[in-house]
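Report on the structure given below.
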Amino acid sequence: MNLMVYNTLKRKKEPFEPINEGQVGIYVCGITAYDRCHIGHARSAVVFDVIVRFLRKIGYRVTFVRNFTDIDDKIINRANEEGISTKELAEREIDHFYQDMDALGVLRADIEPRATEHIADIIALIERLIKKGFAYESGGDVYFSVRKFPRYGMLSGRNLEELMAGARIVPGEKKADPLDFALWKSAKPGEPSWESPWGLGRPGWHIECSAMSMKYLGETFDIHGGGLDLAFPHHENEIAQSEAATGKQFVRYWVHNGFVTIKGEKMSKSLGNFITIKDILSQYHPEALRLFLLSKHYRSPLDYSPESLREATSALDRCYKAVYEANEVASMAIKKQRPLPEHVKETVAFIKTLSEKVEMAMADDFNTAKALGSFFEAVRSLNRVVESARKKPSALYKDVMDECVKELFSVSKIFGILSQTPEEYIAKRNMDALSASGLSLDELETLLSERNEARRQKDWKRADEIRDSLSKKGIILKDTPSGTKWSADL
RNA sequence: GGCGGCGUAGCCAAGUGGCUAAGGCGACGGUCUGCAAAACCGUUAUUCCCCGGUUCGAAUCCGGGCGCCGCCUCCA
């Protein structure tokens, strides 16, 4: 398979060739643990989750590293506001992160290093930079000399003159040059700090990612990911620090996901226009959120609206219902071995090409939107087969259904959807609807039997009255040959 | 101001030189049904922001407009 990956460094798609055949090392910048995660964090997490799932699916042995920044200005400020320690705050927010990610079905990374547990590695890297003349100590701080690294700006497409124009000299900083950035910050009174050759202090934000990524993946590794907003200055600084220290290329492929916007504007903490993952999940199924996040190419902006989540929910419902119906057909006790019609055989053959199509789409710079298109085509095809099976039953449908469902599940694992059985999914949706309706199961069943009695007597007025009143409460009735079924207003 | 991206149906969204412009949501008509619902079938972009150009051929390449967004400061 020819995997093509858009590399921010080259500004184009290029063939993916890992350093070691069959193996991929990938590092993704995780969160700064000081607050609840919002949909933007969910996008980054889900995008790289799917990338990792896909790489594994096509046979790569992947080492996935995602860090936690657990010491930083924002953490210190927030901890002070709340009157708790930075450690307590970080622990709490990391717990929240795991709650959100577990709910979203985002797999754990293989290694999840924290900055505060890698102080020695960070100090060693800074010392290496000082020794090579790329960094200098100044009043307890250590800074990186940007001008000593001529390739600075290679990732973000900037040059030093442009950067100088925008650079500000902040009073109180001890930099020799406004372009320089901090590797180590001396401790202010009351701040958490660690011993270092330059006195008590703490690491700057950028250096931790260089130290931790190289520790676990080597001095040159395959993929480094993160949100597009990290490209400058964070990733630019990582390149400078790492390559200055090692003299080697740091990362081969830089992969950046686009933002989640809301009413066309970037969702961010600073604008205050964010919606937390927790809030979304209190209203929508986690897989609906995944579907929404994967509905557009990962590099493009993605606009959030409640409507978009409702659409994703409808689409997800359709997938689960299709599998549910297929399972039901497969479990029907049919003796007759009526041969399957030609068009059914063709449709089944079509469904079986799904994996291949999805893998092709994903191999083209992880085109989840295209891949999902194929997935939905297969869902419709499956429904078509179910329709045929219901019209002219045959025992031969059982194996066919099982094969089709297996194909769908195999692909849905890449997206991280359909992780529940359709029975679980539908039961949960129904129970949610029931509790929202304010009725007990007994009350509902009483109404249903009353309606069935009315229908038996062809009292359509009464029957429709009951159906309408339930519909207003979010419960939909379906009169099927095997009796009346109720379900959530899916 | 510098750098980068985007503009495809009612909405969301693939497609970057040539098969009928994927797919989702919605809407409408049909099959089914007592009527519905679900599902299926059909319809919903002769055309891809506008104007020029290149080409046998362009949504796709080039030039020029218009509009929107992001980065340049912490941000996934």
Side-chain angles (χ1 to χ4, degrees), chain A residues 8 11 28-32 34-35 37-48 72-74 77 153 156-159 161-163 165-168 170 205 225-234 236 256-261 264-271 274 291-292 295-297 299-303 305 307-308 310-319 321-322 324-325 357 361 364 367-380 382-388 390-391 455 458-461 463-464 467-468 471 476-481 484-487 489-490:
Chain A
T8 308
R11 291 170 198 285
V28 174
C29 290
I31 57 157
T32 296
Y34 78 107
D35 204 351
C37 290
H38 57 66
I39 308 177
H41 299 102
R43 184 178 196 191
S44 186
V46 168
V47 161
F48 288 102
D72 151 277
D73 288 341
K74 289 193 294 288
N77 293 339
S156 52
R158 284 154 227 274
N159 61 49
E161 284 65 40
E162 282 163 20
L163 291 168
R168 289 260 172 87
V170 179
W205 176 38
L228 195 53
D229 47 358
L230 297 182
F232 188 88
H234 184 55
E236 195 70 71
H256 291 104
N257 65 277
F259 304 121
V260 174
T261 60
E265 277 194 321
K266 182 184 171 186
M267 181 179 290
S268 71
K269 289 282 166 70
S270 39
L271 288 172
F274 60 90
L291 219 43
F292 164 67
S295 66
K296 205 172 169 182
H297 186 88
R299 233 175 321 104
S300 307
L302 174 65
D303 201 59
S305 66
E307 184 55 32
S308 61
R310 265 181 249 127
E311 284 176 15
T313 302
S314 298
L316 182 65
D317 286 345
R318 225 160 72 76
C319 298
K321 276 190 280 191
Y324 181 84
E325 297 284 325
K357 285 201 203 104
D364 183 12
N367 194 334
T368 53
K370 190 175 187 180
L372 282 170
S374 298
F375 186 74
F376 284 113
E377 274 183 324
V379 168
R380 199 191 12 263
L382 179 63
N383 279 327
R384 217 172 283 164
V385 177
V386 167
E387 185 91 350
S388 303
R390 289 210 188 278
K391 279 186 180 149
R455 289 181 73 220
K458 300 205 187 296
D459 180 359
W460 307 124
K461 187 162 171 280
D464 291 354
R467 188 173 62 195
D468 290 348
S471 157
I476 298 295
L477 300 187
K478 282 162 76 172
D479 298 319
T480 74
T484 298
K485 291 180 182 173
W486 65 275
S487 64
D489 189 359
L490 295 181

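The sequence lines fix the lettering, A, B, ..., with proteins before strands; numbering per chain opens at 1.
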Protein-nucleotide distance (A:Glu236, atom CD; B:rU73, atom P), rounded to Å:
12 Å
Between B:rA21 and B:rA9, how far is it from one C1' atom to the other, in whole Å?
11 Å
Tell me which nucleotide, if any, is Watson-Crick or G-U wobble paired with B:rG63 when both distances must be under 3.5 Å.
B:rC51
What integer number of Å spans the C1' atoms of B:rG26 and B:rU16?
29 Å
Would you check if A:Asn383 and A:Arg318 make a side-chain contact, meaning some heavy-atom pair closer than 4.5 Å?
yes
Flag the pair A:Phe292 / A:Leu302 as yes when at least one side-chain heavy-atom distance between them is below 4.5 Å, and no otherwise.
yes
Using the C1' atom as the reference point in each nucleotide, state the distance between B:rU8 and B:rU47 in Å, no decimals.
9 Å
Could you pull out the protein-nucleic contacts involving nucleotides 16-18 of chain B (nitrogen or oxygen on both sides, under 3.5 Å)?
none

Once you round it to whole Å, what is the distance between P of B:rC40 and NZ of A:Lys478?
11 Å
Is there a Watson-Crick or G-U wobble partner for B:rU20 with both distances under 3.5 Å, and which nucleotide is it?
none
Roughly how many Å apart are B:rU46 and B:rC61, using the C1' atom of each and rounding to a whole number?
23 Å
To the nearest angstrom, the NE2-C1' distance between A:His297 and B:rA14 comes to 11 Å
Which nucleotide in the set B:rA37, B:rA39, B:rC40 lies at the smallest distance from any side-chain heavy atom of A:Arg384?
B:rC40
Pair assignment for B:rU31, Watson-Crick or G-U wobble, requiring both distances under 3.5 Å:
B:rA39
Can you find a donor-acceptor pair, distance only, under 3.5 Å between A:Asn159 side chain and B:rG2 base?
no
Would you mind pulling out the nucleotide paired to B:rG1, Watson-Crick or G-U wobble, both distances under 3.5 Å?
B:rC72
Starting at NE2 of A:His234 and ending at C1' of B:rC71, how long is that distance when rounded to a whole Å?
16 Å
Rounded to the Å, how far apart are A:Phe274 CZ and B:rA76 P?
11 Å
5'-most contact on RNA chain B: A:Leu302 or A:Arg11, nearest heavy atom basis?
A:Arg11
Can you list the residues that meet the side chain to side chain contact (heavy atoms under 4.5 Å, CB included) rule with A:Glu307, with sequence neighbours excluded?
A:Ser305, A:Arg310, A:Glu311
With rounding to whole Å, what would you report as the distance between B:rC48 and B:rA13 at their C1' atoms?
13 Å
Residue closer to the 5' end of RNA chain B, A:Leu230 versus A:Arg158 (nearest nucleotide)
A:Arg158
Counting just side-chain N and O atoms, does A:Asn77 come under 4.0 Å of either OP1 or OP2 of B:rC74?
no
Measure the NZ-SG distance between A:Lys269 and A:Cys37 for me, rounded to the nearest 0.5 Å.
6.5 Å
Minimum heavy-atom separation for A:Asp303 to A:Ser308, with atom names?
O-OG, 4.2 Å
Look at the side-chain N and O atoms of A:Asn383 and state whether any lies under 4.0 Å from the OP1 or OP2 oxygen of B:rC40.
yes
Which part of the nucleic acid does A:Lys266 contact within heavy-atom distance under 4.0 Å: base, sugar-phosphate only, or nothing?
base
Check side chain to side chain contact (heavy atoms under 4.5 Å, CB included) between A:Thr313 and all other residues, then give those that pass, not counting sequence neighbours.
A:Tyr284, A:Ala288, A:Asp317, A:Arg429
Got a sec, which residues hit ring-ring contact (aromatic ring centres under 6.0 Å, His included) with A:His41, two or more places apart in sequence or on another chain?
A:His38
Mind checking if A:Gly40 touches a base, just sugar-phosphate, or nothing, with heavy atoms under 4.0 Å?
base
Using a 4.0 Å heavy-atom cut-off across all strands, classify A:Arg467 as base, sugar-phosphate, or nothing.
base
Taking side-chain hydrogen bond (donor to acceptor under 3.5 Å, both in side chains) as the test, write out the residues that go with A:Lys357, two or more places apart.
A:Thr353
B:rC66 and B:rC50: how far apart are their P atoms, nearest whole angstrom?
15 Å
When every nucleotide of nucleotides 22-33 of chain B is labelled 5' to 3' by its protein contacts under 4.0 Å (heavy atoms), B for base, S for sugar-phosphate only, - for none, what sequence of letters results?
BSBSS-------
When you compare B:rG67 with B:rA14, how far apart are their C1' atoms, in angstrom units rounded to a whole number?
23 Å
Let me know the distance between CG of A:Asn257 and P of B:rG5, rounded to the nearest Å.
17 Å
Determine the interatomic distance between C1' on B:rG7 and the same-named atom on B:rA45; round to the nearest Å.
15 Å
Could you tell me whether A:Ser270 contacts a base, only the sugar-phosphate backbone, or nothing, with contacts defined as non-hydrogen atoms closer than 4.0 Å?
base
Please give the nucleotide sitting opposite B:rA9 as a Watson-Crick or G-U wobble pair, both distances under 3.5 Å, or none.
none
Does A:Phe259 have any side chain to side chain contact (heavy atoms under 4.5 Å, CB included) partners at least two apart in sequence or in another chain, and if so, which?
A:Leu228, A:Asp229, A:Lys266
Any-strand Watson-Crick or G-U partner of B:rA14, both distances under 3.5 Å
none
A:Leu228 CG - B:rG70 P separation (whole Å):
12 Å
Looking across every strand, which nucleic acid part, if any, lies under 4.0 Å from A:Val47 by heavy atom: base, sugar-phosphate, or nothing?
nothing
With sequence neighbours left out, the residues meeting side-chain hydrogen bond (donor to acceptor under 3.5 Å, both in side chains) with A:Glu325 are A:Arg390
Applying a 3.5 Å limit to both distances, which nucleotide forms a Watson-Crick or G-U wobble pair with B:rG26?
B:rU44
Base, sugar-phosphate alone, or nothing: which one does A:Gly30 contact when heavy atoms must sit under 4.0 Å apart?
sugar-phosphate
Please give, in whole Å, the distance from B:rC72 C1' to A:Phe259 CZ?
12 Å
My understanding is that only residues two or more places apart in sequence, or in another chain, count here; which of them pass side chain to side chain contact (heavy atoms under 4.5 Å, CB included) with A:Lys461?
A:Asp459, A:Glu465
